[in-house]
Amino acid sequence: MNVMTAVRAASDTKTVEHFDVLIVGAGISGIGSAYQLTKQLPDRSFVILESQDGFGGTWLTHRYPGIRSDSDLHTFGYSFKPWVGPPIATAEEIKSYMGEVITENDLARHIRYKHRIERASWSSDTNLWTVEAVRTDSKEPVTFTANFLWMCQGYYRHSEGYTPDWKNVDKFKGRIVHPQLWPDDIDLKDKRVVVIGSGATAATLIPAIAGECAHVTMLQRSPTYFRIGRNAIELAETLRQLRVKEEWVHEIVRRKILFEQDAFTKRCLAEPEQVKAELIGQITAILGPDYDVATHFTPTYRPWRQRIAFIPDADLFHGIKSGKASVVTDEIDRFTENGILLKSGKELTADIIVTATGFNLCMLGDIAFAIDGKPLNFGDTVTYRGMMFTGVPNMAWVFGYFRASWTLRTDLVADFVCRLLTHMTAKGVTRVVPKLRPEDHNMPRLPWIDPDNFNPGYMMRSMHRMPKRGDKPEWQHSQDYWAEKDEFPKIDLDDPAFVYG
Ligand SMILES: Cc1cc2nc3c(=O)[nH]c(=O)nc-3n(C[C@H](O)[C@H](O)[C@H](O)COP(=O)(O)OP(=O)(O)OC[C@H]3O[C@@H](n4cnc5c(N)ncnc54)[C@H](O)[C@@H]3O)c2cc1C
């Protein structure tokens, strides 16, 4: 069990490596899960397969100017490693933090980069997954077997972003760029740039390029909520002045942030109009009473139905106030030679158009899964607490939080997986499959996420491919860290929802 074994497959001469656990992806979830596995179950062999040529996931893929977190790094960072910088961090800072985690915990030897997994097949005869990957450099196929698959591949396709199907895109004479594939050779100097989109990506990119461009326009169909604040946490500064140890600063500040986020989420539900007025009031305070905040920064939905982007030091709004950036709220009719014709009849001229229009949701890394020879459609499964799936043996997925830091769930899922693996060893079994209990059979099968609760475009476009949700806590991803942090450690592993073999 502990030793990595290389065996010869009976049918051909290729080498098949076996590991107790195979982790998919070396993003913040994969590295965090590997850390927890080494600490909680140091005797298990494991490998991390990553299709890119380095660690970081989201923070490696996205290279557009200004790329930064919109969560604070005290909660987006790991519980076990203090974050010592300003709360909002650049991609470089996040990668360097992850690099330290890898070095300090000797994780590098477990990671195989440039290994894209294409197929994973479960056999109930052997109780093993067979994972087929391709080396992205040499195109060589490589095969692994594993007892347990720990899916840390994120939720969107890294190789391409989402671009809507606009009319006459090919007529535009300038350059079109998606922030997910930001080119190295782009020259923004003195160019008229239109950024389509109003989410966190547009909001970070625009202030980062505004100084260089002739002008940058944010073109949005509808407004989004933003929160403005200083990129600093006063309590952290005070504790540091008092020379409190960084481990303590991290933990205390984490607790403060989580406490405040919980209170904020509750307020969004209890008094949405008041919260809405406060968020919009912050913007009016910077842009002044003559700015049309009602058109450009007043969403029609209630706060927290989509992620609220944090704007450190109000840089986006200072860019608008200075005249270097502006906002247009309208719909695209079609592209033209010189830019974009809007439904209002106005034409926006541009040299460069940036499509900050989001992601393509990607179910479990675009891997073709099969169970005992039958192709697996995750849309036919029901999720066990947003981390396992009915009928799918020995697999957990780290799908984090949208309204709290994603990574908070990495730790919770890791504790659960390690407890489950320990339980299986104690029971002397090698297979666990979530299964609806008799009392669950009449339960409604609902979409993965309640669209009335949270409804970003990438989710709505692909919900039909996601596993289903039930109406009981066991059968849904509640997106509620504050409930799950208490519920997960108490999960009864002998509940009939787990079938062992
Ligand atoms: C620009 C941007 C900013 C964000 N900011 C925040 C934030 O501030 N706070 C927050 O909570 N969330 C944020 N998010 C959401 C973010 O994606 C997650 O928080 C987090 O980084 C996801 O980490 P992950 O490791 O689960 O997945 P990812 O970062 O997506 O990493 C998954 C890795 O798996 C690899 N992989 C996928 N499929 C395969 C395969 N078939 N074979 C091999 N390898 C594979 C990928 O190459 C990738 O490296 C942001 C997202 C984006 C795009």
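Source: prediction; values computed, not measured. Along the sequence shown, residues carry numbers from 1.
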Practice item. Starting at CZ of Phe402, measure out to OH of Tyr155 and round the result to the nearest 0.5 Å. Key: 5.5 Å
Study note, to complete from the structure: Of all heavy-atom pairs linking Arg437 and Trp475, the shortest is NH2-NE1, 3.5 Å
Check your understanding: Is there a side-chain contact between Arg254 and Leu408, using heavy atoms and a 4.5 Å cut-off?
Key -> yes
Check your understanding: Can a donor-acceptor pair be found between the side chains of Ser159 and Arg116 at a distance below 3.5 Å?
Key -> no
Exercise for review: Indicate the atoms forming the closest heavy-atom contact of Leu436 with His441, along with that distance.
Suggested key: O-NE2, 3.6 Å
Check your understanding: Charged N to carboxylate O under 4.0 angstrom, Arg68 versus Asp315?
Key -> yes
Check your understanding: Are a donor atom and an acceptor atom from the side chains of Trp448 and Thr383 found within less than 3.5 Å of each other?
Key -> no
**Study point:** Value rounded to 0.5 Å, distance of CZ in Phe55 from CD1 in Ile111
**Key:** 7.5 Å
Check your understanding: Is it true that the side chains of Tyr401 and Glu484 contain a donor and an acceptor less than 3.5 Å apart?
Key -> yes
Exercise for review: Kindly give the heavy-atom pair with the smallest separation between Pro179 and His62, and that separation in Å.
Suggested key: O-CD2, 4.5 Å
Exercise for review: Report the C-alpha distance between Tyr113 and His115 in whole Å, list the side-chain angles of each, state the deciding distance to 0.1 Å, and finish with yes or no for ring pair (Phe, Tyr, Trp, His ring centres under 6.0 Å).
Suggested key: CA-CA 5 Å; Tyr113 294 116; His115 279 62; 9.1 Å; no
Revision key, fill the gap. Between the CG atom in Leu493 and the CZ atom in Arg419, the distance rounded to the nearest 0.5 Å is 4.5 Å
Practice item. Please report the C-alpha distance between Tyr97 and Trp59 in whole Å, then the side-chain angles of each, then the deciding distance to 0.1 Å, and finally whether the ring pair (Phe, Tyr, Trp, His ring centres under 6.0 Å) criterion is met. Key: CA-CA 11 Å; Tyr97 172 85; Trp59 309 103; over 10 Å; no
Review point. Can Tyr301 and Ser222 be counted as having a side-chain donor-acceptor contact under 3.5 angstrom?
Key: no
